[in-house]
Amino acid sequence: MTLPRIKVLALGGTIATRPDASGAMQMGLGADDLVAAVPVLATLAEIDAETVSRVGSHSLGFDQIHALAAKIATLQADGVIVTQGTDTLEETAFLLDLLVDRDIPVIVTAAMRNPALTSADGPGNLLAAVRVACDPWVRTHAKALGVMAVMLDEVYAAGDVLKTHPTRLNAFASPQTGPLAALVEDRVVPLALPVREAMTRARAGIGDVSSAKEQPVALLWLGLDEPGFMIEAIVGDRDQLGYRGVVLGAMGGGHVPERSAPLVTQLAERLPTVVSPRAGGGPMLRQTYGGPSSEIALRKAGLIWGGRLHPLKARVLLETCLRAGLGRDVIAEVFDAFG
Ligand code: ASP
């Protein structure tokens with residue numbers, strides 16, 4: 001029986017660390033090391049391992065993920081596994097989902113516990129990712145599943161997965177939708193297919209962004225009584241401090257503090273500005289509350305309505321739309337599809 005050909009691309013992260021002389025964990029392991037630590041992989045797949053970088057995911061850049069997506073686009077493989085750090089996995093997986101158009105499983109995995117610790121989770125997560133990539137249900141539905149994250153024996157959709165804890169072993173979850181599948185013994189148990197209409201529309205609207213330039217997007221989280229000084233600084237600067245778009249982590253169903261509402265309106269006149277729920281995702285209100293700082297007024301004032309995406313994912317989507325050269329109205333349509 002021929003085994004599926006699985007490409008493992010290693011970017012770095014805790015899964016790829018090793019201790020230095022002081023005992024501090026440093027980036028160091030490559031893709032071959034990660035694969036060699038799990039000998040059973042050879043019975044499941046024909047693995048081809050490649051080290052792409054050795055960086056913590058907190059230091060990854062948009063351009064690196066665009067280059068990774070271009071590499072994945074041309075790979076001769078039956079499945080692709082990206083190993084990286086956990087810190088930005090919820091963003092990189094979503095960006096890959098926007099950029100990669102393949103009908104093979106593309107999976108991102110990582111580790112919360114480093115290789116020097118007892119019960120490090122990296123080897124188990126890599127094994128689980130390979131099992132998922134080789135699974136017949138996953139392979140049949142690869143396009144419908146989109147890019148997946150596999151952590152602690154659960155499979156998550158890239159658009160929904162969040163890192164919900166900084167240190168705990170079970171740090172990943174899809175709070176809005178739950179996992180797509182679970183691993184039990186050596187089986188993948190399917191649970192759900194993601195709703196992909198909004199992603200499909202977003203990807204069609206975005207098109208090819210392979211040669212486009214970085215478009216910095218500010219993420220401003222609005223807290224109790226926010227005076228709006230940061231917004232004022234962006235609005236008051238001739239070049240908007242270098243930003244090309246803004247995501248506001250807004251209150252409730254799409255509200256901002258009344259004292260900053262005039263500034264938020266001015267911001268939306270200067271730059272594409274997306275309102276996204278600081279509650280961590282979920283559909284927002286459109287026509288319930290009146291007053292100058294609620295959704296009816298903000299939508300009339302030209303704020304782009306973020307839909308059910310988490311603000312971190314909204315920022316990734318806005319950056320990608322801006323790279324694609326989309327104007328405000330088209331960007332608003334892309335976000336509108338997310339509810
Ligand atoms: N800072 C690390 C990273 O994201 C943490 C991890 O991998 O869990 O690369």
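When a ligand or atom number is given, it counts from 1 through the structure's own listing order.
Every protein residue with a heavy atom nearer than 4.0 Å to ligand 1 is included here: G13, T14, G56, S57, H58, G85, T86, D87, A111.
Side-chain contact check for S53 and Q64: no donor-acceptor pair (N or O, by modelled atom type) lies under 3.5 Å.
Ring geometry, H255 versus Y289: the interplanar angle exceeds 60°, so the pair is classed perpendicular (tilted spans 30 to 60°).
Without hydrogens or angle criteria, T88 side chain to S57 main chain gives a donor-acceptor distance under 3.5 Å.
Taken from CD in E295 to CD in Q287, the straight-line distance is 8.5 Å, to the nearest 0.5 Å. The CD1 atom of I304 sits 7.0 Å away from the CZ atom of F335 when rounded to the nearest 0.5 Å.
Residue pairs meeting the ring pair (Phe, Tyr, Trp, His ring centres under 6.0 Å) criterion with at least one member in residues 139-193, sequence neighbours excluded, are W137-H141.
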